[in-house]
There are 2 protein chains.
Amino acid sequence: MTTVLIADDQPLQRFGFRMLLESQDDITVLGEASNGSEAIRMTAEQHPDVVLMDIRMPGLDGIEATRRIVATGGRTRVLILTTFDLDEYAHAGLRAGASGFLIKDAQPEELLSGIRSVATGDAVVAPSLTRRLLDAYAHHLPAATVTDSPDPRLTTLTDREREILTVIGRGWTNTEIATRLHLAESTVKTHVGRILAKTGSRDRIQAVILAYDTRLVEPS
Amino acid sequence: MTTVLIADDQPLQRFGFRMLLESQDDITVLGEASNGSEAIRMTAEQHPDVVLMDIRMPGLDGIEATRRIVATGGRTRVLILTTFDLDEYAHAGLRAGASGFLIKDAQPEELLSGIRSVATGDAVVAPSLTRRLLDAYAHHLPAATVTDSPDPRLTTLTDREREILTVIGRGWTNTEIATRLHLAESTVKTHVGRILAKTGSRDRIQAVILAYDTRLVEPS
DNA sequence: AGGGGTGTGGTACCCCGGTACTACGGTGGC
DNA sequence: GCCACCGTAGTACCGGGGTACCACACCCCT
């Protein structure tokens with residue numbers, strides 16, 4: 001029997017996960033945490049096999065929570081689940097000691113098998129990330145120097161802005177960005193406006209092109 | 001990094017290819033398939049850049065597997081490798097949509113450069129075959145059949161529409177397209193509308209992304 | 001002689017994207 | 001303690017993009 005703790009700030013999201021997990025005979029949900037601090041406390045109390053960890057949470061975020069849970073040395077493994085397949089998140093999460101990194105739009109079967117893998121000590125990474133992770137970690141290999149030296153056109157952007165630019169490059173509309181990233185549309189517009197100003201793009205289309213040209217987004 | 005799937009029914013042959021490919025920094029072997037059906041399934045799961053495809057395999061053969069992989073419209077290119085330099089095989093393979101056709105007794109360097117060429121969208125044909133292929137196809141087409149095999153998502157577009165899509169991909173606005181191509185803006189809008197409808201893009205941004213993904217526009 | 005596809009053009013309408021502000025809590029630096 | 005930056009959020013406004021139509025000349029095919 002695999003025991004799981006769900007850590008996510010969105011009640012609806014937690015509900016969905018709980019429904020999915022509890023439909024499985026070999027998985028038990030021990031509880032739900034709505035932020036990083038709660039996740040740490042509940043892990044210390046209940047010692048779940050796996051913590052299903054969202055990254056973006058109010059207060060202590062998922063990365064830091066992962067770091068502290070892993071640091072305790074318990075047998076609990078952390079499987080990070082996020083909306084984004086952004087490189088920074090993956091790197092940070094895996095550096096923090098996570099055993100896996102999946103994307104929320106994965107198939108339910110993927111999530112379940114990921115949990116089982118992590119519980120048995122294996123590691124899982126979302127297919128869409130694997131490639132870029134390999135690229136990034138292949139410093140020793142030639143041609144990797146190019147990829148991880150940030151394009152000068154992007155250096156003035158903040159991390160958040162680069163995130164937003166990435167999803168702009170994937171074709172998301174402002175409303176989609178707002179809903180999927182849990183932001184107000186006005187906030188998205190503020191971000192987009194600053195990105196356009198900083199990169200000298202006249203509209204989001206130029207930004208999409210920039211995202212491709214700087215390899216922030218790869219053609220698929 | 002170029003990812004490759006090896007499809008061959010002989011384990012020893014697969015082993016040889018894998019050793020050769022993995023000795024290269026820029027090539028990764030994603031997996032091995034021992035027949036056509038497996039090749040199709042693994043391609044659907046792993047989306048290699050290139051499938052190294054043997055023709056003679058039990059069950060579904062390499063030609064039919066190539067046809068189905070190409071029909072999915074993914075970016076995976078098929079490089080057919082066979083023991084024989086028979087014309088029928090080459091014709092059938094290239095008609096099936098293969099991007100290349102090499103013979104197994106080729107030099108290792110030839111195979112490697114062939115894989116790299118195919119991965120970037122070019123096509124290769126074994127020197128011993130080229131002549132006869134040209135002769136056979138010369139009657140019908142001016143050599144364009146293989147090299148610019150258009151992405152299936154673009155085949156329904158007219159030449160003019162592909163032209164417009166290209167400049168959309170370069171970030172031109174409707175008014176820019178109109179003035180630079182000496183058209184009325186209403187005409188441009190008509191074209192754009194048809195392009196969006198045919199390609200299933202909801203707005204020009206999706207079209208820009210499509211232009212990049214189909215390599216109609218190259219990142220610079 | 002008709003018909004379908006293509007390239008061109010027009011009108012009217014609505015909505016999203018982008019701009020121009022303002023604002024405020026948190027964090028980190030000095 | 002203060003200031004700068006960042007991420008968040010709001011309002012108001014305008015213009016381009018996209019849609020839904022229609023129209024017509026040209027070409028190719030049967």
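Reminder, nothing fancy here: chain letters follow the sequence lines and each chain counts from 1.
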Exercise. Just to confirm, is there a sub-4.0 Å distance from OP1 or OP2 of C:dT8 to any side-chain nitrogen or oxygen of B:His191?
Worked result: yes
For this session: Whole angstrom is fine here: how far is it from CD1 in B:Ile195 over to P in C:dT8?
Result: 11 Å
For this session: Mark yes or no for whether A:Glu161, through its side chain, and A:Thr158, through its backbone, hold a donor-acceptor pair below 3.5 Å.
Result: yes
Seminar exercise, completed: Rounded to whole Å, CH2 of B:Trp172 lies from P of D:dG17 at a distance of 14 Å
For this session: Report yes if the side chains of A:Met53 and A:Leu79 come closer than 4.5 Å at any heavy-atom pair, otherwise no.
Result: no
Exercise. Nearest-Å distance, CG (B:Leu183) to P (C:dT6)?
Worked result: 17 Å
Exercise. Think A:Thr158 has a side-chain N or O under 4.0 angstrom from the OP1 or OP2 of D:dG7?
Worked result: yes
Problem set entry | Residues B:Arg170, B:Glu218: salt bridge by 4.0 Å N-O rule | no
For this session: Calculate the interatomic distance between A:Leu157 atom CG and D:dC5 atom P; express it in whole Å.
Result: 16 Å
For this session: Side chain of B:Leu196 only, please: which of D:dG18, C:dG9, C:dG18 is the nearest?
Result: D:dG18
Problem set entry | Any B:Thr187 side-chain N or O less than 4.0 Å from OP1/OP2 of C:dT8 | no
Exercise. Of the nucleotides C:dG9, C:dG18, C:dG17, which one has an atom closest to the side chain of A:Glu185?
Worked result: C:dG17
For this session: Specify the separation, in whole Å, of atom CG of A:Leu165 and atom C1' of C:dG17.
Result: 16 Å
For this session: For A:Thr190 and for A:Ile205, find the nucleotide of DNA chain C with the closest heavy atom, then tell me which residue's nucleotide is more 5'.
Result: A:Ile205
For this session: Give the rounded distance in Å between these two atoms: CD1 of A:Ile164 and P of D:dC6.
Result: 14 Å
Exercise. Do the side chain of A:Arg194 and the base of D:dT8 come within less than 3.5 angstrom through a donor-acceptor pair of N or O atoms?
Worked result: yes
Problem set entry | Residue A:Lys189, side-chain atoms from C-beta onward, closest of C:dG18, D:dG17, C:dT6 | C:dG18
For this session: Round to a whole Å and report the spacing from NZ of A:Lys198 to P of D:dC5.
Result: 10 Å
Problem set entry | Short side-chain N/O contact to C:dG17 OP1/OP2 from A:Asn174, under 4.0 Å | yes
For this session: May I ask you to decide if B:Leu183's main-chain N or O and B:Thr187's side chain share a donor-acceptor pair within less than 3.5 Å?
Result: no
Exercise. Should B:Arg202 be listed as having a side-chain N or O under 4.0 Å from OP1 or OP2 of D:dG18?
Worked result: no
Problem set entry | Spacing between B:Gln206 atom CD and D:dG17 atom C1', to the nearest angstrom | 14 Å
For this session: Could you tell me whether the phosphate oxygens of D:dG10, OP1 or OP2, come under 4.0 Å of any side-chain nitrogen or oxygen in A:Ser186?
Result: yes
Problem set entry | Presence of salt bridge, A:Arg14 and A:Asp9, under 4.0 angstrom | no
Problem set entry | Phosphate contact (C:dT8 OP1 or OP2) by B:Arg160 side-chain N/O below 4.0 Å | yes
